[in-house]
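Atoms considered below: every heavy atom in the structure, side chains included; atoms not considered: hydrogens, waters and symmetry mates. A note on names: the letters A, B, ... follow the listed sequences, proteins ahead of strands, and every chain is numbered from 1.
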Amino acid sequence: MTTSLDILEGLNLPQQEAVQTTNGPLLIIAGPGSGKTRVITHRIAYLIRVCGVNPHQIAAVTFTNKAAREMRDRLQFMVTRDSDSLTVGTFHSFCAAMLRRNGNFLGLKSNYSIYDSDDQLNLIKRSLELSELDPKSHPPRAVQSVISKAKSSMVDALGLSQRAETYFEESCARVYYHYEELLAQNNAVDFDDLLMKGVQLLQGSEEVRDRYRNQYKYLMVDEFQDTNTSQYLLTKLLTGEAQNICVVGDPDQSIYSWRNADIRNILSFQQDYPSTKTIALEQNYRSTSTILEAAKSLISSNGMRLRKDLFTENDAGDPITVHEAYDEQEEAGFVISKIKDLRNKQSFKLGECAVMYRINAQSRALEEACIQQGIQYRLVGGVRFYQRREIKDLMGYMHLIHNPQDEVNLTRVINVPPRGIGAKSLKDFINWCRNNKISLYEGIQRTYESKISGSQDTPAISNRAVSSIGNFGEIIQSLVTLSHRVPITELIDQVLEQSGLRQSIQNSDDNPTERWENIRELKETAREFDSETPPDGLSSFLERLALVAEVDSYEDSEDSITLITLHQAKGLEFPVVFIVGMEEGLLPHSRSMENELELEEERRLCYVGFTRAERRLYLLRAFRRGFMGSSGPTMASRFLREIPSSLVTSESRQLTSDQPKISSHIKRSEAEQLKPQAPRIALGTGDEVRHSIFGEGVVLECRQTNEDHEVTIQFSSEVGLKRLLLSFAPLEKVSH
DNA sequence: TCCTCATAACTTTTT
DNA sequence: GTTATGAGGA
C-alpha cells in the first residue's frame, strides 16, 4: 500500500481535491493544459493504491483510442501489475464488446459486422431504392445525417416518422425503416448503432444492467463535452446507486456538435446528479502567457460559456506572429522555411512543430512545400488508410469470411478482382436468390454445389458467370474453414492469394508498389495483433480495425513535422504551432457562418488550435486561395481581430527572402495607432494610396466590416490585387 | 464484361 | 483538383 502523499505530490490544490474526491458524482471542468489527463490517471491510481479498489471495478471511457492507450500506458507505470484488469476504452469499443457478449438480446449474432460510413452510405442508397425514392431529390448524405442524428438521440424509424415535420423527414423515416431491415439482414451495425444498441441492451435487460453495474463501481468519462445523448444515457445506465461517476470536460473545447455532441450534457449532469461536486482546473501549465491571453481573448467573444478564469505562471514568451501570404503556395512556403529556421537557428526539433488547418484539402500545398524543401512530414488523416481501395477490398473479404451474412461486403468483393461477374449477372443472381428466398451466401454455395453435381438448378445467367460464382463460393468456403484454424496473418496471405488480389494489385498500372506497401502495413498490424493472441482472433481484429481513427496510430517522431486538422489536434500539444488559412469561409468555415451557434463552434475550434501551442504560435492567411480548381480573393478571419494587437507581431512576407527586414516593433506600434474603430484615414473608391511594403496602388473597393474597413487595392507593383484591413495595413493616402 | 474517357458535382470537421 | 457516374468501344 502506498501513502496518498506519493500520488498527490506535484499536484496543485484543485487537482489534489479532484484526485481525493472518490465518492459521489464529480464534475471536473478542465481548461486546456490544466493537467487533466494527469488528474484522471492519478485519481485511478489513488482509487487502487490508497482506497484499495479492485481495478476490475474501474472503467475509464475516452474519446479516442489514442487517449485510451496513453492513459493505459501512464497507469501501467503508476499501478504496474493491476493495470491490465482496468477497463480503458472508447464508448464505441466498450459497447462493441458489450454487444459481442450480450447482443443476442437484440437479435445480434456475436460475429456481427461494423459498417463504416462508406458501407453505411452504400446501404442507404439501397434503402432509397427499396423506399422507391429518388436519390436526386433525397441526397444519400443528407439522409445519412438525419438517420445518424436520430440514432444518436435514441429515436427509431417509427419515432422519426412520428416527429417528422417535413416531407423530407418523412421520407428519411421510410428509408430509415428499410435501412434497419437491411442492417439486420446483414447481421451488421453502424457506428451509431453500437451506442444506441448498447443503451437498449442496458435498458432492456435488468440482468445485464445489474451485471455491469455490479462490476463497475467507479466510472470516469473524459471529454464529456463531446458526448451525445446516447453516450450520456449509457453513462447514466452504468452508474449504480453509489453514483461514483466522474466526468471531465471543457465546454470551450466542444467541437463535435456536428456529430450530435451536446454541450448541454454538462448542465444535465448537474441536474441529474444534484449532489455533484464541481471542481475547476484553471491553471495552465502548457502555454506561454501570451498564447494563453490570446486564446482567452478569442474565446471570450462566445456568448454561450461557463465562466472560467484561466491563468498561468509561465513566462510571456514570444509574441504571436501573424503572417499574410499572397496565396496558399506562399503560405506553405513561409511555414516550411520558418520551420527550417526554427530548427537551424533555435534548435527546435522538427517533431516539435505542427501545422494545423481546417479542412484536409489544405494539406496538399503544405505537403508540396515539404517535399520541395526536403522536410519530413507526418500527415494525420487525409485519405484515410482504411478507406483506401486495396485495404477496403481485403477487409471486405475478411468481413465476409467472418460474417457470411454480410451482403454489403459480399457484393463489394464478388467481382474484385474482375472475374466475369458483371453488374447484369450480379443483379440476375440476386433476384434468383430473392425468388428462392435464400441469402446470397446460400445462393453462392448452391451454385457451387450444383456445379459439382452437374445439377441445372442455377440462376438464368451465362455459364461463365455461373462458373465464376461457383468458384468464388469455393474460395470463400475454404477460407471460412481456414479462418478457424490459422492466425490472422496467414489468413490474410491466403485471402490475397486465393482471391487473386495480390496478383491484381501487383500487376496493376496505378501505383502497384504503394498499394502493396499499404497491404504490407495492414499485415504488420495483423502481425502485432497475432502476437497478442486474444482467444477470439478474427472478431476482435475486425472490431479493432473498424474502430480505430487515424490519430490513434499517430506517434511522435523526432525528425518530422506534423500536418493535422484542428479537430484531430485536440488533446495533443506542440512547442510550435502554425495555423494556416485564417480566413473567412475557411476558419470560420463558410458552412457555419450563417448560424451563430455553429460560428461559436468554429471559434472554439480555433481556440483548441491556439491552446495546443506551448511556446510559439504562428497564424497565417493568404490573400488568394485555390477554390475547387480556380482561385479567388479572401478576407482575413474575424478571429484574427479578436486577439489583442499587443500580443501580435506581423512579419511581412519579404522577411522570408533576403530583402531588408522591417522591425516588427515599429510595425506593431503602427498597427496599434491604426487600431481605433474609426479608421484614421478615410478611403473611397479611386483613391490613390501608398503601402509601406507593397508600394503605390488604387483603391477598387472599400467595405465596412464589423468594426473595420476592408479595402481592395490594385497595386502597381508585381503584388497586384490585395485585400487589406484598414486597421492593420500600413497605408497612406496620396494626395495630388 | 471490362476498360477508357468525358462530365458533373462536390469538399468541413470523424468515432 | 478531386472522385463518382455513365456512355461507348474492344
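In this entry the distance linking CZ of R419(A) with C1' of dT1(B) reads 14 Å, nearest Å. The separation between Q225(A) atom CD and dT13(B) atom P is 20 Å, rounded to whole Å. Put simply, NZ on K125(A) is 4 Å from P on dT5(C), counting in whole angstrom units. Going from atom CG of L572(A) over to atom P of dT14(B) covers 12 Å, rounded to whole Å. What separates CG of N260(A) from P of dT13(B) is a distance of 17 Å, to the nearest Å. Straight-line distance from the NZ atom of K136(A) to the P atom of dA9(B): 9 Å, rounded to whole Å. Straight-line distance from the NZ atom of K570(A) to the P atom of dT14(B): 12 Å, rounded to whole Å. The separation between Q144(A) atom CD and dT15(B) atom C1' is 13 Å, rounded to whole Å.
Ion pairing between a basic and an acidic side chain is recognised when a charged N comes within 4.0 Å of a carboxylate O; E328(A) and R364(A) show no such pairing.
Taking the C1' atom of each, dT11(B) and dG6(C) are spaced 22 Å apart, rounded to whole Å.
Under 4.0 angstrom from either OP1 or OP2 of dT1(B) there lies no side-chain N or O belonging to N415(A). Contact annotation: S425(A) reaches the phosphate of dT1(B) (side-chain N/O to OP1 or OP2, under 4.0 Å). Between N360(A) and dT14(B) there is a side-chain polar atom (N or O) within less than 4.0 angstrom of OP1 or OP2. When the side-chain nitrogen and oxygen atoms of T64(A) are compared with OP1 and OP2 of dT15(B), none of them lie within a distance under 4.0 Å. Distances shown here put every side-chain N or O of R141(A) at or beyond 4.0 Å from the OP1 or OP2 atom of dC10(B). Between Q568(A) and dT14(B) there is a side-chain N or O to OP1 or OP2 distance below 4.0 Å.
For the ring pair (Phe, Tyr, Trp, His ring centres under 6.0 Å) test, no residue two or more places apart in sequence or in another chain qualifies with Y212(A). Among residues two or more places apart in sequence or in another chain, the ring pair (Phe, Tyr, Trp, His ring centres under 6.0 Å) test is passed with H567(A) by Y256(A), W258(A). Annotation: ring pair (Phe, Tyr, Trp, His ring centres under 6.0 Å) contacts of F627(A) (sequence neighbours excluded): none. Here Y448(A) pairs with nothing under the ring pair (Phe, Tyr, Trp, His ring centres under 6.0 Å) rule; sequence neighbours left out.
Near-neighbour residues of DNA chain B inside residues 191-202 of chain A, defined by a heavy atom below 4.0 Å, number-ordered: F191(A).
In this structure, F191(A) and H92(A) have perpendicular ring planes: the angle between them is above 60°, well past the 30° mark.
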Using a 3.5 Å cut-off and no angle test, enumerate the donor-acceptor pairs between side-chain atoms of residues 193-200 of chain A and protein atoms at least two apart in sequence or in another chain.
unit_1: D193(A); atom_1: OD1; unit_2: K151(A); atom_2: NZ; d: 2.8
unit_1: D193(A); atom_1: OD2; unit_2: K151(A); atom_2: NZ; d: 3.1
unit_1: D193(A); atom_1: OD2; unit_2: D190(A); atom_2: N; d: 3.3

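Listed nucleotides: dT15(B), dG1(C), dT13(B). Nearest to the side chain of R364(A): dG1(C).
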